[in-house]
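Within every chain, numbering begins at 1; the chains are lettered A, B, ... in the order of the sequence lines, protein sequences first and strands thereafter.
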Number of protein chains: 2
Amino acid sequence: MTAVLVVDDAPDLLKVLKITLQAHGYDVTTAADGHTALLAASQQPFAVIILDLGLPDMDGTTVIRELRTASRVPILVLSARHSSDDKVEALDAGADDYITKPFGPDELLARLRALLRRTTDPEQEPVVVTQDFTVDLAKHRVVRDRNEVRLTPTEWSVLELLVRNPEKLLTQQQILSEVWGPAYAKDANYLRVYMAQLRRKLEPDTANPRYLLTVAGLGYRFQP
Amino acid sequence: MTAVLVVDDAPDLLKVLKITLQAHGYDVTTAADGHTALLAASQQPFAVIILDLGLPDMDGTTVIRELRTASRVPILVLSARHSSDDKVEALDAGADDYITKPFGPDELLARLRALLRRTTDPEQEPVVVTQDFTVDLAKHRVVRDRNEVRLTPTEWSVLELLVRNPEKLLTQQQILSEVWGPAYAKDANYLRVYMAQLRRKLEPDTANPRYLLTVAGLGYRFQP
DNA sequence: CCCAATCTTGACGAATCCTTAACGCTCCCT
DNA sequence: AGGGAGCGTTAAGGATTCGTCAAGATTGGG
């Protein structure tokens with residue numbers, strides 16, 4: 001769950017923000033002043049910090065600078081002040097976005113999404129691990145016994161398709177049309193050749209496949 | 001110099017934006033409609049795109065989506081429409097920031113800086129060291145055997161891209177469109193020439209590359 | 001205007017990959 | 001038992017892609 005720190009000295013607004021964000025699946029921590037906020041931020045990493053500039057104990061810009069000395073966490077500023085100077089000051093201090101009150105919850109949520117989209121690692125590509133080898137989709141890499149396994153482009157395409165659909169049966173037609181194009185959906189000989197290559201490179205016992213399984217008469221299946 | 005694409009159908013505003021941005025050191029390209037903008041974006045990589053939503057030929061959201069299909073370039077939206085729905089739509093389509101008219105140049109510039117700060121690489125580990133050479137991203141320098149290696153601008157661009165994505169496979173298309181612009185994504189001959197240059201300057205054994213590896217049929221990879 | 005550095009382009013062997021065909025195996029049906 | 005169908009394996013060509021070189025085009029500075 002995405003951890004968010006909300007900093008605001010107005011109890012009512014803080015409560016509204018907390019409920020709204022929680023309703024949209026965020027894990028919300030709150031703080032009512034600058035020192036509490038800095039303490040919380042130092043103890044736990046947040047995906048984003050929503051910061052109201054009108055705090056009782058510290059200047060908002062100072063809070064931003066303090067946060068920035070320790071981390072690059074995205075900061076979304078809320079403020080009642082519309083002047084250009086205030087915005088420039090906050091943004092140049094290290095804020096990522098600046099919303100002026102009053103604002104609708106939809107806009108806040110949309111800006112939050114935009115900010116998280118930009119800052120969250122695009123490392124969503126999963127790494128599939130088995131007892132004998134590892135497939136890293138993002139890096140296009142297969143490692144076995146600490147050594148990299150060299151795969152040809154077509155071998156990779158077939159493996160990728162299987163690995164992206166673990167435990168799921170893929171018919172020969174599906175694999176062929178996905179890898180070679182819809183026109184090749186008949187000639188299953190390609191596929192047998194490449195399954196053999198992959199097994200030779202990945203399976204500990206080629207004769208008794210453990211991961212790249214044949215489903216007789218239908219197709220193949222990857223078993224993690 | 002930072003390349004910026006400004007898209008606006010109002011000639012006056014376009015002119016003002018261009019002059020303002022150029023005065024602050026940006027390299028400005030302009031477009032007056034959606035199709036021109038998409039064409040420009042496909043031929044040259046920009047650090048950021050400033051997009052007015054009120055275009056004559058295309059819906060603004062459509063332009064954003066089209067841009068997003070091809071790249072993750074930061075998009076800053078200008079709009080006369082203040083409604084929450086418009087903002088949400090643009091932001092969720094893939095925009096990174098949304099400014100409503102009228103806006104001051106200071107705010108635009110500050111938001112631009114904030115966006116670029118977030119977007120440009122953090123340079124957390126600007127020095128990449130291998131057993132044979134050192135690449136200092138911040139200083140634009142490569143050192144080998146205590147001597148500086150002279151790289152041409154294009155050689156540097158290619159090396160930088162590879163080094164910033166260690167271990168990750170970069171396809172020829174990715175490298176070509178990053179370094180030469182999206183329009184050159186087909187002619188892989190450039191790349192082969194430059195990989196050869198880099199290997200000659202960096203690899204201890206040019207015939208058996210240890211750092212700049214070829215992944216046949218797909219692309220290249222930097223192995224630290 | 002010329003020079004030097006850089007980029008582009010084409011060509012060529014070399015390396016790699018894809019396709020194809022052949023053959024052995026198992027399973028199942030006749 | 002025989003034979004056919006589907007799958008696994010292997011190896012050899014032919015096609016594609018890669019590395020390399022060098023010459024022409026382009027750019028930028030003096």
A.B. asks: Before accepting this row, confirm whether a basic side-chain N of the pair Arg111(B)/Asp97(A) lies closer than 4.0 Å to the acidic partner's carboxylate O.
C.D. replies: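 Looking at Asp97(A) together with Arg111(B), the answer is yes, because their closest N to O distance falls below 4.0 Å.
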A.B. asks: Could you state the atom-to-atom distance from CG of Leu218(A) to P of dA5(D) in whole Å?
C.D. replies: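 After rounding, the gap between these two atoms is 18 Å.
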A.B. asks: Write down the distance between CG (Asp205(B)) and P (dT20(D)), rounded to a whole number of angstrom.
C.D. replies: 10 Å
A.B. asks: Would you mind reading off the distance between Arg192(A) atom CZ and dG8(D) atom P, rounded to a whole angstrom?
C.D. replies: 8 Å
A.B. asks: Using a 4.0 Å heavy-atom cut-off across all strands, classify Trp156(A) as base, sugar-phosphate, or nothing.
C.D. replies: nothing
A.B. asks: Quick one: do Arg141(A) and Glu148(A) make a salt bridge, cutoff under 4.0 Å?
C.D. replies: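 A salt bridge links Arg141(A) with Glu148(A).
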A.B. asks: Grab the CD-C1' distance between Gln172(B) and dT16(D) for me, whole Å please.
C.D. replies: 12 Å
A.B. asks: Could you please name the option among dT9(D), dT6(C), dC7(D) that lies closest to any side-chain atom of Val193(A)?
C.D. replies: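 Of the candidates, dT9(D) comes closest.
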A.B. asks: If you only use heavy atoms from C-beta on, which nucleotide in dT6(C), dT20(D), dT9(D) is closest to the side chain of Pro153(B)?
C.D. replies: dT6(C)
A.B. asks: Does the gap between the ring centers of Trp180(B) and Tyr194(B) come in under 6.0 Å?
C.D. replies: yes
A.B. asks: Select from Thr206(A) and Thr214(B) the residue whose nearest nucleotide in DNA chain D is closer to the 5' end of that strand.
C.D. replies: Thr206(A)
A.B. asks: Looking across every strand, which nucleic acid part, if any, lies under 4.0 Å from Arg200(B) by heavy atom: base, sugar-phosphate, or nothing?
C.D. replies: nothing
A.B. asks: Over all strands shown, is Tyr184(B) touching base, sugar-phosphate only, or nothing at heavy-atom distances under 4.0 angstrom?
C.D. replies: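 The residue Tyr184(B) makes no contact with any strand.
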A.B. asks: Starting from P on dT8(C), measure out to OH on Tyr194(B) and report it in whole angstrom.
C.D. replies: 5 Å
A.B. asks: Can you tell me the distance, in whole Å, between the CE atom of Met195(A) and the P atom of dC7(D)?
C.D. replies: 11 Å
